[in-house]
Amino acid sequence: MRKLFLLALGLFLCTFATKAYAQAEGESYEKEEFKYGVFKHLAVGAHAATTGFGLDIATDITKFLSLRAGLSVMPGFSLTTDVDVNVNGNDNHTMEAKGSIGRTTMEVLLDFYPIGNFFITGGFSFGGSRIVEITGHSDEFAGKSGSYIEIGKYQLPVDENGNINGEIKVKGVRPYIGFGFGGRAVPKHRLAFRTELGVQIHGTPKVCSNGHDVKESVSYDTEDDFSDIVDKLKFYPVLKFRLSGRIF
């Protein structure tokens with residue numbers, strides 16, 4: 001009986017050791033299977049953000065670095081506000097102006113993973129320099145030369161037909177920095193979700209008309225929705241939710 005018990009115990013230990021070894025070998029193989037390097041793996045991501053909706057592709061460079069390139073489209077929407085009109089030195093006039101907001105941007109970003117699922121990202125955003133297109137019309141100001149509307153300290157001319165056409169623009173290439181939590185840009189498994197918070201550095205927005213910067217006056221500082229955009233969009237906040245899937 002004692003020999004039988006020892007034999008059974010020996011068989012159990014051998015079986016347990018064999019399974020443990022096989023499992024360890026399997027885990028080691030799975031860890032070695034995911035190799036970091038440019039284009040060793042590729043992922044596609046879809047995101048919703050304050051910059052719009054978009055898609056991107058990503059690849060790892062090392063265990064601590066990954067590269068992303070993507071496109072974002074902000075759906076167009078409009079706002080309407082009353083703006084002051086200066087006619088022959090008299091600014092006791094107003095007219096209604098419409099601002100259309102919407103742009104398409106590209107971005108190239110580098111993610112750094114210092115620890116766990118926390119990442120720091122930086123790079124550049126390209127294109128989409130026009131933030132707002134401004135249009136308006138009033139028969140009251142047709143034929144009155146020298147009239148203009150005031151946006152902050154900027155003067156946007158009203159043409160001889162009573163029309164205004166202008167835009168608020170920022171730099172065409174904008175630095176970006178941010179951080180976030182969640183899965184890697186290229187997930188080890190098939191899917192990953194992450195949240196990102198950052199800021200685009202726009203610089204000082206400019207008011208333009210017919211492709212030219214408009215005159216700035218130190219005599220006026222109006223308050224309207226467009227003026228708020230000029231004042232506040234030196235930095236553009238970015239909140240992004242991204243879902244990615246690894247292709248290979």
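Within a 6.0 Å radius of CZ in Phe39, no more than 12 heavy atoms belonging to other residues, nucleotides or ligands are found. Atom NZ of Lys169 is surrounded by 12 or fewer heavy atoms from other residues, nucleotides or ligands within 6.0 Å.
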Legend entry - Steps toward side chain to side chain contact (heavy atoms under 4.5 Å, CB included) verdict (Arg103, Val170): CA-CA 12 Å; Arg103 59 177 176 167; Val170 296; 4.3 Å; yes

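The distance from atom NE2 of His212 to atom NZ of Lys206, rounded to the nearest 0.5 Å, is 13.5 Å.
The ring-ring contact (aromatic ring centres under 6.0 Å, His included) check on Phe64 picks up nothing, with sequence neighbours excluded. Evaluation of the side-chain contact (heavy atoms from CB on, under 4.5 Å) rule for Leu191 yields no partner, not counting sequence neighbours. By the side-chain contact (heavy atoms from CB on, under 4.5 Å) test, Thr94 is found to be paired with Asp84, residues two or more places apart in sequence or in another chain being considered. With sequence neighbours excluded, the residues that form a side-chain contact (heavy atoms from CB on, under 4.5 Å) with Ser244 are Pro187, Ala192, Arg242.
Its side chain within the 4.5 Å cluster rule, Ile177 clusters with Val199, Ile201, Phe235 among the Ile, Leu, Val, Met, Phe, Trp and Tyr residues.
Judged by a 6.0 Å distance limit and a 45° cone about the ring axis, Arg174 is not positioned over the six-membered ring of Phe124.
Sorted by first then second residue, the ring-ring contact (aromatic ring centres under 6.0 Å, His included) pairs that include residues 168-192, not counting sequence neighbours, are Phe118-Phe181.
The closest side-chain donor-acceptor pair between Ser72 and His47 falls under 3.5 angstrom.
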